[in-house]
Number of protein chains: 2
Amino acid sequence: MPIEIPEVVIDRLPLYYRLLSRLESEGRAVVSSQELGAELGVTPAQIRKDLSYFGRFGKQGRGYSVHRLAAELRQILGLDQRWRVAVIGIGRLGRAIASYPGFEGQGFDIIWLYDASPTLIGSEIEGREVRDISQLEGDLRADPVDIGIVAVPGEVAQDVVDTLVDAHVGAILNYTPNRVQAPPEVELRHINPVLFLQSMTYHLKRVRGV
Amino acid sequence: MPIEIPEVVIDRLPLYYRLLSRLESEGRAVVSSQELGAELGVTPAQIRKDLSYFGRFGKQGRGYSVHRLAAELRQILGLDQRWRVAVIGIGRLGRAIASYPGFEGQGFDIIWLYDASPTLIGSEIEGREVRDISQLEGDLRADPVDIGIVAVPGEVAQDVVDTLVDAHVGAILNYTPNRVQAPPEVELRHINPVLFLQSMTYHLKRVRGV
DNA sequence: AAGTGTGAACAAGTTCACAGCC
DNA sequence: GGCTGTGAACTTGTTCACACTT
């Protein structure tokens, strides 16, 4: 805890947590950095160093208590609490997001859905009403959420992000292909599958003989 | 071209390309690394250095020809050709993927859809038939694709990946929360929004007073 | 005057290797 | 004997700063 923790380390923690969570449910008591690394494709030294930023959770000669380490990571990542989420944009992608059980299962409660389309507004998705996007700002002011997931058409992504920022959302996950801006105190991630495909074709081209 | 090009550089190229593509369609003739950087939140030096791995595309005192640089990146990334894609798993997410116009628009042709559910097999999505997943292996052998997009339930992700690898798919985009393995000659990327949310809550926790 | 291309300086991130503990 | 925790060595990636070109 003394010095600044590298961002890459934070990004790997959820990966470790996911595996530990699985091992925990399989009733596994103890695990070594060796085993964790083999399963995740990461060196054991990397795992030990990453964890050492947060404390000394292992026992020499034994390894890590799965239960203990999972609990520590839960605490570090804030997964011992529930987080309130709004999904903005209920097209095909937004609907897939709103229906995905993996969010609720991991402590993320999707409490509000918004769209601009009159045919969608008022309808129900997984028992939640789709609300008019024009009410987003007022709703969030009355009853804030922690995280906004943006799945609107790209052209309006920045507008939605601005509204979320004004309403003091702390984190934004942008599924839109457009890159958006937010002040540094707001956590922002982009999910753009096309960029992944395009970096993969670079390699494909080379493997498949230019 | 002389030495090995860092992986991070390849990952940034599509980002640059996307912006250049937009500038090109706006009729912009010339752009500086300064401007590109400001738009993308990257330092100008970074952009110049990244591009310098591939050639000398700029003109001192002027900047880069938008048209020329876009064409170069297209060539480098292999976006001057079309790529054949199969989507495996046509649940809500798979359907969103199969219907997303952003893939076709960028040179990725989704030519085959597969699912295991009898109610889906034989149905049509955007004019493409959903085929039985048991035919995947044979189909790919007869008529290969370059890229597989996996959107099946997590438990069967590795099986599907193994089939794709056997059928000599060159790249796999895994939308499943399960981490899968593939030999190093196959390009593999994971899209897992839950991991993003979990690293964001780490920061949220700290900003929102522990 | 403006802006690239790039070696050299610097910063960040990873792996090594081993002392120390179980 | 086995495995953690961690400085130190190394590797990778980023930024600086300036010579050079238009």
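Since we're looking at a predicted model, the values are computed, not measured. Chain letters run A, B, ... following the sequence lines, proteins first, then strands; residues in each count from 1.
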- Message: Cation-pi check for B:Tyr64 against B:Arg68: NZ or CZ below 6.0 Å from the six-membered ring centre and within 45 degrees of the axis, yes or no?
- Response: no
- Message: When you compare the side chain of A:Leu197 with that of B:Trp83, does any pair of heavy atoms fall below 4.5 Å?
- Response: no
- Between atom CG in B:Leu51 and atom C1' in C:dG3, what is the gap in whole Å? 13 Å
- Relative to the 5' end of DNA chain D, which residue comes earlier, A:Phe57 or B:Arg62, by the nucleotide with the nearest heavy atom? A:Phe57
- Message: Under 4.0 Å, counting only non-hydrogen atoms across every strand here, what does B:Gly61 touch: a base, just sugar-phosphate, or nothing?
- Response: base
- Upstream residue (5' side of DNA chain C) when A:Val8 and A:Ala45 are each assigned their closest nucleotide: A:Val8
- Item | Between C:dT14 (P) and A:Ile5 (CD1): distance, integer Å | 14 Å
- Message: Taking 4.0 Å as the cut-off, does a side-chain nitrogen or oxygen of A:Arg12 come that near to OP1 or OP2 on C:dG13?
- Response: no
- Below 4.0 Å: OP1/OP2 of D:dT15 and any side-chain N or O of B:Thr43: yes
- Find the bend of the helix from C:dA1-D:dT22 to C:dC22-D:dG1 as the angle between its two terminal axes (five pairs each), to the nearest 10°. 10°
- Query: Of B:Asp146, B:Asp143, B:Asp109, which meets salt bridge (Lys or Arg N to Asp or Glu O under 4.0 Å) against B:Arg84?
  - Reply: B:Asp143
- Message: Taking donor-acceptor contacts at under 3.5 Å, does the side chain of A:Lys49 reach the base of D:dG7?
- Response: yes
- Query: What's the CD1-C1' distance between B:Ile47 and C:dT6, to the nearest Å?
  - Reply: 16 Å
- Counting any heavy atom closer than 4.0 Å, what does B:Arg48 reach on the DNA or RNA strands: base, sugar-phosphate only, or nothing? base
- Query: In whole angstrom, what separates A:Glu4's CD from C:dG13's P?
  - Reply: 11 Å
- Message: Any side-chain N or O of B:Ser33 below 4.0 angstrom from OP1/OP2 of C:dG3?
- Response: no
- Check each of B:Asn174, B:Val150, B:Leu173 against B:Ile191 using the side chain to side chain contact (heavy atoms under 4.5 Å, CB included) test, and report the only one that passes. B:Leu173
- Do A:Val130 and A:Ile125 have side chains that get closer than 4.5 Å, going by heavy atoms? yes
- Message: If you compare all heavy atoms of B:Asp80 against all heavy atoms of A:Lys205, which two are closest, and at what distance to 0.1 Å?
- Response: OD1-NZ, 4.2 Å
- Query: Counting just side-chain N and O atoms, does A:Gln46 come under 4.0 Å of either OP1 or OP2 of C:dT15?
  - Reply: yes
- Message: For A:Arg189, is the CZ atom crowded, meaning more than 12 foreign heavy atoms sit under 6.0 Å from it?
- Response: yes
- Could you tell me the separation between the CD atom of B:Glu35 and the P atom of C:dG3, rounded to a whole number of Å? 8 Å
- Task: Determine, for B:Tyr16 and B:Arg12, whether the Lys NZ or Arg CZ falls below 6.0 Å from the six-membered ring centre while staying within 45 degrees of the axis.
- Result: no
- Item | Rounded distance in Å - CD (B:Gln34) to P (C:dA1) | 18 Å
- Whole angstrom is fine here: how far is it from CD in A:Glu72 over to C1' in D:dT4? 15 Å
- Task: Mind calculating the distance between CG (A:Asp50) and C1' (C:dT15) to the nearest angstrom?
- Result: 12 Å
- Answer yes or no: does a side-chain N or O of B:Tyr53 lie under 4.0 Å from OP1 or OP2 of D:dG13? no
- Message: It should be established whether B:Gln60 places a side-chain nitrogen or oxygen under 4.0 Å from OP1 or OP2 of nucleotide D:dC20.
- Response: no
